[in-house]
Amino acid sequence: SELYALAFREAMEKFEMGLLKRENMAAYIADRVVNPTKATVKAAWDAAHYVTYQTKLNQRGDVFGKFGYIAQRAKNQTGFMSWLSNYYLPFVQTPTNIAGFISERTPGLAQLLTNYNKAILAGGVEKQMAITRLRLGSMFYAAIAPLGYFSVIGGSDIDIPGKATGGKFETMKALGIQANTIRIPVGDGKYWQINTTGGDPINMMLSMAANSGKYG
């Protein structure tokens, strides 16, 4: 899909510059997809790593990449104690990339923790993609936060007291509700619950949006 996107952009650029006729654009794009340049193959490869949260941490260039890389190196240099570090830190790269993916779509966090500002200064496609990610995330939070306020979406259910004493767990158990759930009313005070735990990055974004609604 990234090869198609890159080929389309290149064809549009040449068309707007008058270097490519409209009737030849489809053939040009098809040729670029079948016979990509080294630069487009690398860009597509990087995009594949991005959407599967497998970008190398030392290549991220943001706060997450910096601290994740430090944690990864520390884990790999524990010597004979590596069995312990592998137990408590089995994965570093994937969770770090997921956290970065979410932050790129979260107002405030995008500007503070990611490469958003750098992308804006770079301009072009890089700028537009950064803006689009943040706008998409902002619309997501704006849509979900009211549902969190009305407890249709449950994050950490911050309005239920007793977390430190364990009373919160007992209250939620008595009410029959779980954290990180979508609660669909079905009448007579009953509802279906869809637990989203583990379905990151959507679960984390749902929880953050729901908690934001409660805080609001």
Side-chain angles (χ1 to χ4, degrees), residues 47 50-55 57 60 62-68 71 88-120 127-216:
Y50 176 80
V51 299
T52 54
Y53 317 115
Q54 296 304 310
T55 301
L57 297 180
R60 287 191 58 88
D62 61 3
V63 173
F64 292 100
K66 183 183 298 183
F67 286 100
Y88 285 104
L89 289 172
F91 307 108
V92 176
Q93 182 170 282
T94 302
T96 301
N97 279 306
I98 289 175
F101 183 94
I102 293 169
S103 296
E104 288 170 344
R105 291 155 178 79
T106 304
L109 295 184
Q111 292 87 341
L112 293 173
L113 301 178
T114 74
N115 292 324
Y116 179 84
N117 296 324
K118 188 187 298 183
I120 297 300
K127 174 183 177 181
Q128 191 58 51
M129 289 298 291
I131 291 173
T132 301
R133 288 176 187 138
L134 186 54
R135 284 181 178 172
L136 181 64
S138 299
M139 288 189 288
F140 179 89
Y141 286 114
I144 300 300
L147 298 178
Y149 175 80
F150 289 109
S151 298
V152 176
I153 303 290
S156 302
D157 290 290
I158 59 175
D159 55 329
I160 301 177
K163 181 178 181 180
T165 61
K168 177 176 180 176
F169 173 78
E170 295 300 325
T171 301
M172 292 180 70
K173 186 177 180 180
L175 294 173
I177 62 175
Q178 302 174 8
N180 302 324
T181 52
I182 301 171
R183 299 157 188 165
I184 304 172
V186 293
D188 298 325
K190 298 179 181 180
Y191 48 83
W192 290 336
Q193 289 189 113
I194 302 172
N195 194 295
T196 60
T197 301
D200 292 318
I202 292 297
N203 171 66
M204 194 177 293
M205 291 185 72
L206 283 171
S207 181
M208 289 171 63
N211 290 341
S212 297
K214 291 290 186 182
Y215 277 120

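All values below come from the heavy atoms of this structure, side chains included, with hydrogens, waters and symmetry mates left out.
Residues D62 and R60 are paired through a salt bridge, judged by an N-O separation under 4.0 Å between the basic side chain and the carboxylate.
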For I120 and I131, run side chain to side chain contact (heavy atoms under 4.5 Å, CB included): C-alpha distance rounded to whole Å, both residues' side-chain angles, the deciding distance at 0.1 Å, then the answer.
-> CA-CA 8 Å; I120 297 300; I131 291 173; 3.6 Å; yes
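In this structure, N115 contributes its side chain and A119 its backbone to no donor-acceptor pair below 3.5 Å. Side chain of Q54 to main chain of T52: a donor-acceptor pair is present (N/O by atom type, distance under 3.5 Å, no hydrogens or angles). Side-chain N or O atoms of T181 include none that pairs as donor or acceptor with a backbone N or O of R183 at under 3.5 Å. The backbone N or O of G108 lies less than 3.5 Å from a partner atom in the side chain of Q111, making a donor-acceptor pair. At least one donor-acceptor pair under 3.5 Å links the side chain of K168 to the backbone N or O of D157. Formation of a donor-acceptor pair under 3.5 Å by the S207 side chain with backbone atoms of N203 is not found in this model.
If you take CG on N180 and CG on L206, they are separated by 8.5 Å, rounding to the nearest 0.5 Å. Annotation: the span from S103 atom OG to L112 atom CG amounts to 9.5 Å, rounded to 0.5 Å. Annotation: the span from F64 atom CZ to N97 atom CG amounts to 10.5 Å, rounded to 0.5 Å. The CD atom of Q178 sits 5.0 Å away from atom CG of N195, with the distance rounded to the nearest 0.5 Å. Separation of atoms CZ (F67) and CG (L57) is listed at 13.0 Å; rounding is to 0.5 Å. Between atom OG1 of residue T55 and atom OH of residue Y50 there is a gap of 8.0 Å, rounded to the nearest 0.5 Å.
Remark: Y191 OH is packed, more than 12 non-hydrogen atoms of other residues, nucleotides or ligands lying under 6.0 Å away.
A pairwise comparison of heavy atoms in Y53 and P201 identifies OH-CD, 3.0 Å as the closest pair.
Side-chain atoms of S151 and K214 form a donor-acceptor pair, as typed in the model, at a separation below 3.5 Å. Of the N and O atoms on the side chains of T106 and Y141, at least one donor lies less than 3.5 Å from an acceptor on the other residue.
Side-chain contact between V63 and T114: absent, with no pair of heavy atoms (C-beta onward) separated by less than 4.5 Å.
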